[in-house]
Amino acid sequence: MMTRLALVSESAKTAPQSSASPSPLASPVFGLQEGATPRLLVLDGHSMAFRAFYAMPVDKFVTQAGQYTNAVHGFTAMLLTMIRQQKPTHVVVAFDLDTPTFRSLDYTEYKGGRNKTPEEFYGQIDLIIKVMEAMRIPTISVDGFEADDIIATLSTQGETAGWDVVVVSGDRDAFQLITDKVSVLYPKKGISDIPPMDAAAVEAKYFVSPARYSDLAALVGETADNLPGVPGVGPKTAAKWINLYGGLEGIFENIDAIGGKVGDSLRAHIEDVKRNRRLNHLLRDMELPVALEDTVLQSPDRDAVEELFDALEFNQLRKRLFDLFGEEEALDAGATHEVPAHQLVSDAAALNAWVEATTGLVAVDVVSEKVGLAHEATAVALVGQESAVVVDLGTADAALDSALAAWLLSDAPKVVHEYKEALKALSVRGLSLGGVVDDTSLSGYLIQPDRRSYELAELSQVHLKVSFEAEATADAGQLDLGLESEKKYDEAVQRGYVALLLSEYFAPLLQERSAAVLLRELELPLAAILARMELTGIDVSQERLAVLLDDFTTAMNAAKEAAYAAIGHEVNLGSPKQLQEVLFEELALPKTKKIKTGFTTDAASLKWLLEKTGHEFLAQLMAHREASKLKQMVETLKKSLAEDGRIHTTYAQNVAATGRLSSNNPNLQNIPIRTEEGRRVRDIFVVSEGYECLLAADYSQIEMRIMAHLSGDAGLIQAYAEGEDLHRYVGSHVFGVAPEDVTSAMRSKVKAMSYGLAYGLTSFGLSKQLEISVDEARTLVKDYFDRFGGVRDYLRGVVEQARKDGFTSTIEGRRRYLPDLSSSDRQLRELAERIALNSPIQGSAADIIKHAMLGVAAQLQAQELKSRMLLQVHDELILEIWPGELETVKALVIAQMGAAADLLVPLEVQVGVGSSWNDAGH
DNA sequence: CCTAGAGGTAT
DNA sequence: TAATACCTCTAGGT
């Protein structure tokens, strides 16, 4: 079966495809599809600017420099909406000039009697023109003529050339331009409600055809232009005469036949009517300085837009603009990329023939269906530069199956989007993947680690400016009539092709940003390990889970009833809003810290309130919070139990901007540990049948060790070299006492301080953490830096370097870009500074444990051990030990984790074993 | 059904 | 006014 599809919208699919294949980024012109009818959007600049001015609040749009921008903002927003909705290929804006026109010379009162232009409007037209220049949209004004004439001329030219024309004007005279090719958008109210007026709409409203609208306006008059009409004649009468006599000429010919008072009135004001008609007639054959073809819609001058919008302080609008043009450019760029046709292969020979004929990188896209909580592969698309094949796993015979399996596993270079998910879906079919040199969801992440999403369509949009149809919504249970699967195959090939393009695009960027090594040697191999860990899951004791749920529910209910009793009525304890009423109004307790919705009821505040007032309700509320949180957590775990009785979390390799993993569905990286009750949750995670025990290995103070390494601080390095208790050592130096005289209060202070440093601590934050005065905290910081000057110098240097480079780096060269370091917004800038302090430390720790995981997995495999890695919790690995392998595995884990980085200080690893995760803790 | 806010868990 | 995550509930909207 042969299918052809392009990475573009419907309109472009029908257009002839260019066979040339320029860079996806080259997009001088867009929206113009060869063979499609051009569509011209003409705007009346002044009338729309005025509409915008009165529609937007003046005082809300003032720049710091004092320039009013409400009309500019409103106009630009309206224009973007028009471009989005109308999808024009050409756009032009016509403006009036202040100079006299042939109309005002003809009739000096023309447009007289208008209110003086408001002061705040001054200068806004010039700004609109500047916005148009930045957007590369031509503007036209002609001395002695009005914008209406320019519009009439343009629309006539457009129509003559066979184009569609859309006129946007707040002047009703434009209605005379309406034909089946020309429509007018006339704002009803403000600038947000601009319904299209076509011939039918004009007739419905005025009872005359658009061509006769000027006749009607001449009779009725136009207050806005100070053109009096015939007294006593309104639109109804005028329309009646026009339809009766076929227009003004007919009316004049039969003028004596019109009786009544209105007839007399008409005869008395006949000259006014003739003048009105003369003035409202729009010129259609002006000489214009801009040719029709020159109005073609181009991509905006991004630098100019940036600069101008900075000055105008248009931030949301900037985003809207770039979003819009991102999309539009994509359409055009997409039109130049032809997705190769694909063939559905049904035998091994066909697959092998394709493989033989295909050179270079091949994208693999796995089509899967959801089965329970997992995904199972149903088909595989292999996409090369020139051609593609699809293998349906459901119908493949054994020979095809093994040919496919062999190729997938081979070293033939492949690119995948979401390698880990592909591996998981394939594994249920007994398939795997070898030779994967790129996963675009990971390379995209390494290039730009703080994006929210790395979906293929989004990466394609952002980097390639190519958009393609959204992924098929997996309609499980729907009848598969062949058409459905054909559509899925098309999409799979499409996705594969986009991944191929992205991979090519990313390759040099990865090199530039020194991320190619990270991808190849760290993230890609890690993805395979994570896939295995996710598939394995961790065993759960359902008995313990049930007991826990019961206990927590009981505790929760007891606390709830006691809380109700303490205040004499019921209240939703889970509603901060209702709690505020009880605490601060009903019980009139002291006010806590202010939050958006009033006063906080968080745990720290409740504790403070309880100490202050001793109110029973507070004690019960706190007990209820703890119990309900735990119950909720246990319930969530129960819901995520798979059919095999195990919990399979999913690790996200591209979510945390520092390089850490994250865990979700369910999150197994935030299982309680700090309280006795909380630790019971850890007890539900147990060793699987047939295995000996769980082993938990964690790095001791890895972030502080990285701090010591990065700062090179002699004191810290010495402390670690001597194997001292770090906090005791630091405490003895900061407080000037012997190590054995460091009290636990002193120790906990320096501990909080040390950890705070890695988060970009402030004296204020430290004072709150330690419940001490800001002064005391400040002294603590000073004393700390006096003794550990290397740390202070390092922290200063990190921010300085990041400001210079634009990014921070980890020990493995993982970068995080921080443009906000030079923001003028203090809050943003200071946040960026704290991020700059934290990212190298947190990120280096992430690099290290990832290396350790690679080492552990490699050793387990090399030594043919049956023990396996189950979980990772940032600085901790959980393994399941096969009988007889404990000592071997323990040693190799310690060795691999310890050797994962070569730092100036040793990496210490603590290991515990037990039959549950809690027991394995230490 | 979606979203913001509040609150809480982990490293 | 201390970094990185994920999750759930309420309340107020579509």
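Naming: A, B, ... by sequence-line order, numbering from 1 per chain.
- The main-chain N or O of Phe599(A) is found under 3.5 Å from a side-chain atom of Gln580(A) such that the two form a donor-acceptor pair.
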How far apart are the C-alpha atoms of Leu530(A) and Met853(A), what are their side-chain angles, what is the distance that settles it, and do they pass the side-chain contact (heavy atoms from CB on, under 4.5 Å) test? CA-CA 9 Å; Leu530(A) 292 173; Met853(A) 292 170 78; 3.9 Å; yes
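- Atom NZ in Lys631(A) sits roughly 16 Å away from atom P in dT9(B) (whole-Å rounding).
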Secondary structure string for DNA chain C (Watson-Crick or G-U under 3.5 angstrom, | for other-strand pairs): ..|||||||||||.
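- Atom-to-atom, CD of Gln872(A) to P of dT4(C) comes out at 17 Å; the value is rounded to the nearest Å.
- Of the possible polar contacts, none joining the Asn918(A) side chain to the Asp683(A) backbone as a donor-acceptor pair under 3.5 Å is found.
- Near DNA chain B, defined here as any heavy-atom distance below 4.0 Å, the residues from residues 588-597 of chain A are Ile595(A), Lys596(A), Thr597(A), listed numerically.
- The same atom, P, is picked in dT1(C) and in dG5(B); the two are 15 Å apart, to the nearest Å.
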Can you give one letter per nucleotide of nucleotides 6-14 of chain C, going 5' to 3': B for a protein heavy atom under 4.0 Å from the base, S for sugar-phosphate only, - for none? BSS-SSS--
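- dA10(B) atom C1' lies 13 Å from atom CD1 of Ile878(A), rounded to whole Å.
- Classification of the Phe788(A)-Tyr784(A) ring pair by plane angle, with boundaries at 30° and 60°, yields tilted.
- Centre separation under 5.5 Å together with a plane angle under 30° does not hold for the ring of Tyr759(A) and the six-membered base ring of dA2(C), so they are not marked as stacked.
- Ionic pairing of Glu676(A) and Arg679(A) is present here: one or more N-O contacts between side-chain nitrogen and carboxylate oxygen are shorter than 4.0 angstrom.
- Formation of a donor-acceptor pair under 3.5 Å by the Arg646(A) side chain with backbone atoms of Thr536(A) is found in this model.
- Of the possible polar contacts, none joining the Arg814(A) side chain to the Leu446(A) backbone as a donor-acceptor pair under 3.5 Å is found.
- A straight line from CE of Met556(A) to P of dG8(B) spans 16 Å, rounded to a whole angstrom.
- An OP1 or OP2 oxygen of dA2(C) is reached within less than 4.0 angstrom by a side-chain nitrogen or oxygen of Thr762(A).
- Lys607(A) has no carboxylate O lying under 4.0 Å from a charged side-chain N of Glu626(A), or vice versa, which leaves the two without a salt bridge.
- Remark: Lys424(A) does not engage Glu418(A) in a salt bridge, criterion side-chain N to carboxylate O under 4.0 Å.
- The nearest whole Å value for the distance from the CD1 atom in Ile706(A) to the P atom in dT4(C) is 16 Å.
- If you take CZ of Arg452(A) and C1' of dT4(C), they are 16 Å apart, rounded to a whole angstrom.
- Ring geometry, Tyr817(A) versus Phe807(A): the interplanar angle falls from 30° to 60°, so the pair is classed tilted.
- In this view, Phe552(A) satisfies the ring pair (Phe, Tyr, Trp, His ring centres under 6.0 Å) rule with no residue, not counting sequence neighbours.
- No engagement by Ala758(A) is indicated, since no non-hydrogen atom pair under 4.0 Å with the nucleic acid exists.
- Atom C1' of nucleotide dA6(B) and atom CD of Gln580(A) are separated by 10 Å, given to the nearest angstrom.
- Summarising the geometry of Phe764(A) relative to Ser767(A), their closest heavy-atom pair is O-OG, 2.6 Å, with the distance given to 0.1 Å.
- Proximity of residues 815-846 of chain A to DNA chain C (heavy atom under 4.0 angstrom from any strand atom) is restricted to Arg816(A), Leu831(A), Arg834(A), Ile835(A), Asn838(A), Gln842(A).
- Ion pair Lys420(A)/Asp439(A) not flagged as a salt bridge, since none of the NZ, NE, NH1 or NH2 atoms sits closer than 4.0 Å to an Asp/Glu carboxylate oxygen.
- Taking the six-membered ring where the residue is Trp, Tyr755(A) and His727(A) present tilted rings, their angle falling between 30° and 60°.
- A salt bridge is absent between Glu812(A) and Lys850(A); no separation between the charged side-chain nitrogens and carboxylate oxygens falls under 4.0 Å.
- A salt bridge does not link Arg452(A) to Glu458(A): none of the charged nitrogens lies less than 4.0 Å from a carboxylate oxygen.
- The stretch residues 786-808 of chain A does not touch DNA chain C, since none of its heavy atoms comes less than 4.0 Å from the strand.
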